[in-house]
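Written out below as structure tokens is the structure these notes cover.
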Amino acid sequence: MDIIARAAHLFGAAPALRTADRTLSFAECDTEATRIAVRFLEAGARAGEIVALLSPNSPEAVLVLLGMLKAGLIAAPLNHRLPETQLRGMIDRLQPALLFHAGSPASLFDEKKAIELSSLFTEELPSIRSAALDPPEAMERLVSVIHTSASSGVAKAAAHSFANHWYSALGSNENIAFGPGDCWLLSLPLCHVGGYALLFRAFAGGGSLALNYPQTTIEEALKNHPVTHLSLVPTQLYRILANGEAASRLGSLKAILLGGSPAPQSLFDEAASHNIPLYMSYGSTEMSSQIATTSGTAGGRAEQSGKVLQWREVMTAADGELLVRGETLFQGYLSLGRLTPQTDSQGWFHTSDIGQVAEDGTVRVLGRKDNMFISGGENIHPEEIEKALMSQEGILEAIVVPVPDPEYSLRPVAFIRAANGGCDDETLRKAVQCMVGTLKTPVRLVRVEAWVTLSGSQKIDRMWYIREASASGRTPLEPQHRE
């Protein structure tokens, strides 16, 4: 299936890509993507080969990814904010045929394979169509390699087929309508599965995507474009709610997809007071974005992640781990040209998430299996303590990590971000103790103003906090964004 030509046929002159300077229709995107695909082939790339892209979000980056779909290439968008050593390792393991970049350091690449992104747009490209692949090969072919967020310390290269992204988009659009006249702000990077997935949602449903310059804030973007849909993580929502004008603008949207990390009920209550249409979601790179999402905002609770979307399956293993499978499940991890499937004998992928699935398909995520630690012989799930902390007035966000203890082996330490200081430490400890018990009550509370996050991500770098909390005789460093 040529999803871009299909969209051009169905939606024609309707806007597909909105930028600060121009708007491209679906028909124009089809033409541009075809010309870029031809340029790829002229540069020596062949269908089925990996082509890497190192660039911030931009109209050019979107068109290049569409061109890769046209040419039958496997797109590997990379996080341009990562350190050079990490990027070099990713590139070495990907072994791309070509690498397009937006002026990145030449030391990262083989000069024969590295091409400046802007060179694709400096002259008129040929207007001919590349040969289309025949189904079912087109549905099963690999189209992307998206790296995981490395929240566990190691970024893995997850390979997806066309069908994975296609059914992910269909399930999302069925739950949250996104079609002609709608506009979804591309607020997540294209190297993130939640960003890349928007290309398929737009070209499957007929809604447009809005892009801004890299330094433009979400608040500014809401003023510049007719945004109806938005993807956020809790930290971003906190910041916007602090801006009264922007919060009011959110209330006029059709849907805000919220995911990425736990959030307190107070955040949902505040959003409800502004009539903000929040849709809570649980997803993963391995499942091509969303797994479960609420079907509406009424009665939304922070502990729920919604119902399992169509073309996905979720079950709970005997030990409480969530297992997933379905049409959106990735093909495996890719390294040095080898694709390694990650399913068990029954086709289930083990997520390492601990949770529950109700009879009606509602998913509740309790925490991460790899975050759990044992204290005094008892299993401790940091997320349970984090939720208890965030249920207290004034506590916006919390992260709990283990520290060595001579008696209990490990004990919890909490880093918290509070509004106007929040309640005092002793009051907070007593409140949490009543909720989770003495053993799970943090032995130390550390207040922060901002988080150390994974590069190019809004996700908190849990490993950073484990190291800092465990450093003997040291006060944790001032929070910062790690680049």
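This structure is a prediction, so every number in the text was calculated from the model and none was measured.
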Hey, are Arg368 and Asp353 close enough for a salt bridge, meaning a charged N less than 4.0 Å from a carboxylate O?
yes
Residues Glu286 and Tyr333: side-chain donor-acceptor under 3.5 angstrom
yes
Short side-chain donor-acceptor distance under 3.5 Å, Arg249 and Ser252:
yes
Pro382: which residues meet the side chain to side chain contact (heavy atoms under 4.5 Å, CB included) condition with it, sequence neighbours left out?
Asn371, Phe373, Glu386, Val400, Arg462
Partners of Asp21 by salt bridge (Lys or Arg N to Asp or Glu O under 4.0 Å), sequence neighbours excluded?
none
Would you say the rings of Trp451 and Tyr465 are close, in the sense that their centroids are separated by under 6.0 Å?
yes
Show me the pairs that pass salt bridge (Lys or Arg N to Asp or Glu O under 4.0 Å) and involve residues 159-169, at least two apart or across chains.
none
Asp182: which of Lys254, Arg201, Arg18 passes salt bridge (Lys or Arg N to Asp or Glu O under 4.0 Å)
Lys254
Could you check whether the rings of Phe200 and Tyr196 sit parallel, tilted or perpendicular, using 30° and 60° as the cut-offs?
tilted
Which class fits the ring pair Phe330 and His160: parallel under 30°, tilted 30 to 60°, perpendicular over 60°?
tilted
Do the charged groups of Lys440 and Glu378 touch, with an N to O distance under 4.0 Å?
yes
Minimum heavy-atom separation for Ser289 and Gly194, please, with both atom names.
OG-CA, 4.3 Å
